[in-house]
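The figures here come from the full heavy-atom set of this structure, side chains too, leaving out hydrogens, waters and symmetry mates.
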Amino acid sequence: MIRRRTGKKAKNVEVDFSEVFDKVKKTLYKKTATSMKNGFESIVAETPVKTGYAQSSWRVTVGSAFSDDLEDKEDDIDYKDPNRIISQGKQVIDRIRKEGFGDPVYFYSGVEYMGKLEYGHSSQNKFFIRRAVTKMKKEISEFKKKGF
């Protein structure tokens with residue numbers, strides 16, 4: 001809000017940019033969260049699948065890269081639906097967006113062989129994590145350049 005007072009005694013101009021900054025912050029948070037949700041969805045969806053264990057291991061965590069809710073791998077278990085994993089991650093990202101991006105956010109998998117999957121041990125999808133993270137980084141950098 002910008003207000004100009006007129007008259008002999010009131011020749012000051014008052015400027016309140018808080019509404020503008022709040023809108024900018026909300027827009028930046030929303031676009032960042034959308035990029036993060038798309039990136040997380042891509043990582044989960046692109047994780048090579050043999051049993052579904054690696055794909056079901058992904059979590060979005062805040063403040064620490066570790067999550068202790070990973071189930072032990074069993075050969076005949078039906079692991080969580082990837083859509084459920086994606087939905088849970090998106091819920092965490094939405095909460096972060098509302099609370100603010102004060103703490104580090106991690107996409108975490110406790111699967112010991114995830115690095116092998118990323119670097120092409122499986123022929124299904126080499127560098128799937130790198131592609132998603134690079135895309136997120138580029139999108140978020142573009143927000144700054146374009147001014148949203």
Distance from [X] atom [atom1] to [Y] atom [atom2], nearest 0.5 Å?
X: Thr32; Y: Lys25; atom1: OG1; atom2: NZ; result: 12.5 Å
X: Thr47; Y: Asn125; atom1: OG1; atom2: CG; result: 8.0 Å
X: Glu112; Y: Ser57; atom1: CD; atom2: OG; result: 11.0 Å

- Would you please test Gln91 and Asp94 for side chain to side chain contact (heavy atoms under 4.5 Å, CB included) and show each step? CA-CA 5 Å; Gln91 288 173 7; Asp94 281 336; 5.7 Å; no
- Connected-component partners of Tyr119 among ILVMFWY, side-chain separation under 4.5 Å: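 ILVMFWY cluster around Tyr119 also holds Phe127.
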- Working for side chain to side chain contact (heavy atoms under 4.5 Å, CB included), residues Val92 and Arg59: CA-CA 9 Å; Val92 173; Arg59 304 289 184 271; over 6 Å; no
- Identify whether Tyr106 and Val111 are in the same connected component of the hydrophobic contact network (ILVMFWY, side-chain heavy atoms under 4.5 Å).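 Each belongs to a different hydrophobic cluster.
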Could you tell me which non-hydrogen atom of [X] sits nearest to which non-hydrogen atom of [Y], and how far apart they are?
X: Gly110; Y: Tyr108; answer: CA-OH, 3.5 Å
X: Met36; Y: Phe107; answer: O-CZ, 3.5 Å
X: Ala54; Y: Met114; answer: O-CE, 3.8 Å

Does any part of the side chain of [Y], heavy atoms only, come nearer than 4.5 Å to the side chain of [X], both counted from C-beta?
X: Val105; Y: Val60; value: yes
X: Trp58; Y: Ile129; value: yes
X: Ile85; Y: Phe40; value: yes
X: Phe101; Y: Tyr29; value: yes
X: Val20; Y: Lys23; value: no
X: Thr34; Y: Glu139; value: no

Closer than 3.5 angstrom, by distance alone: can the side chain of [X] be matched with the main-chain N or O of [Y] as a donor-acceptor pair?
X: Glu118; Y: Arg130; result: yes
X: Ser42; Y: Asn38; result: no
X: Ser87; Y: Asn83; result: no
X: Ser35; Y: Lys31; result: no
X: Gln55; Y: Pro48; result: no
X: Arg131; Y: Lys126; result: yes

- Pair Glu41 + Lys37: basic N to acidic O under 4.0 Å: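 Salt bridge: no.
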